[in-house]
Each structure stands twice: as C-alpha cells, then as structure tokens.
Amino acid sequence: TSSFHVLLPRPPSTSSIHVLLMSSEKDIATEALSECLLKQIKFCVAGVVIGGVIGVTKKIGVVPMVTGGVAGSFVDLGYGYNIACKEEVERQWKAGR
C-alpha cells in the first residue's frame, strides 16, 4: 500500500506577523509610491512606438526607438510624481520622507 501526503503551507509565525504589524507609516507610504510610479509606462511605450516608426520610415535603425523609450521613461516619472501619484507623494511627505 502506498501513502499519499498532502503538503500544506505553514501558517505564518507570530514573529512575522509582528514584523508586518510593526511596519511604519513611512514604509507603507514608500511602498505605495514606488508601486504607483512603476505603473506609469504610457509615455515610454509611446516613445518606443513613435521612435520605431521614425527608425523604420527613415531607415536609421533602433536609435530613435531607444531614445524615445528613455525620454518617455523620464516623462513617466515626472507625470507620475506630479499628477498620477499625487496622493502617494503627499502621504510620503506626511510620513516624514
């Protein structure tokens, strides 16, 4: 006869729960801001697409596409920090940077 064992995940220990509950408001605000800023990709994508079209039509390679992507990434960060993630930025400032 063979036996069949089911491996169940262990419940979190009380020490890990304690550490989770002890997260400061600053840590939570930092995590929320980072997550919001990393979701901003539309200008990077637009830069890559526009640069790709320029590179193909003018037959100059991938340089416009890479340049458009990098420039779009910087615009995404600025847009995210000043407009899209404004609540997270304010929470970060209140938590004491």
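These numbers were taken from a predicted model, which means no experiment stands behind them. Hydrogens, waters and symmetry mates play no part in the numbers below; they use all other heavy atoms, side chains included.
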Indicate every side-chain donor-acceptor pair of residues 68-75 with a distance under 3.5 Å to a residue at least two apart or in another chain.
| from | atom 1 | to | atom 2 | distance (Å) |
| --- | --- | --- | --- | --- |
| S73 | OG | G69 | O | 2.9 |

Restricting to side-chain contact (heavy atoms from CB on, under 4.5 Å), what partner residues turn up for [X], sequence neighbours left out?
X   : answer
A32 : E88, R91
A84 : Q40, Y79
S34 : T30

Approximate separation, where rounding is to 0.5 Å, of K26 NZ and E31 CD: 14.0 Å
Check the surroundings of atom CD1 in I41: do more than 12 heavy atoms from other residues, nucleotides or ligands lie under 6.0 Å from it? no
Sequence neighbours excluded, the answer for side chain to side chain donor-acceptor pair (under 3.5 Å) partners of T67 is none
Inter- and intrachain pairs under salt bridge (Lys or Arg N to Asp or Glu O under 4.0 Å), touching residues 35-61, at least two apart: E35-K39
Which pairs count as salt bridge (Lys or Arg N to Asp or Glu O under 4.0 Å) when at least one residue sits in residues 64-76, sequence neighbours excluded? none
By disulfide bond (SG atoms under 2.5 Å apart) - contacts of C44 (at least two apart): none
Which side-chain N or O atoms in residues 46-54 pair as donor and acceptor under 3.5 Å with protein atoms at least two apart or in another chain?
none

Verify same cluster id: V89, L77 (apolar side-chain graph, 4.5 Å): no
Name all pairs fulfilling the ring-ring contact (aromatic ring centres under 6.0 Å, His included) condition that reach into residues 45-64, sequence neighbours left out, sorted by first residue then second. none
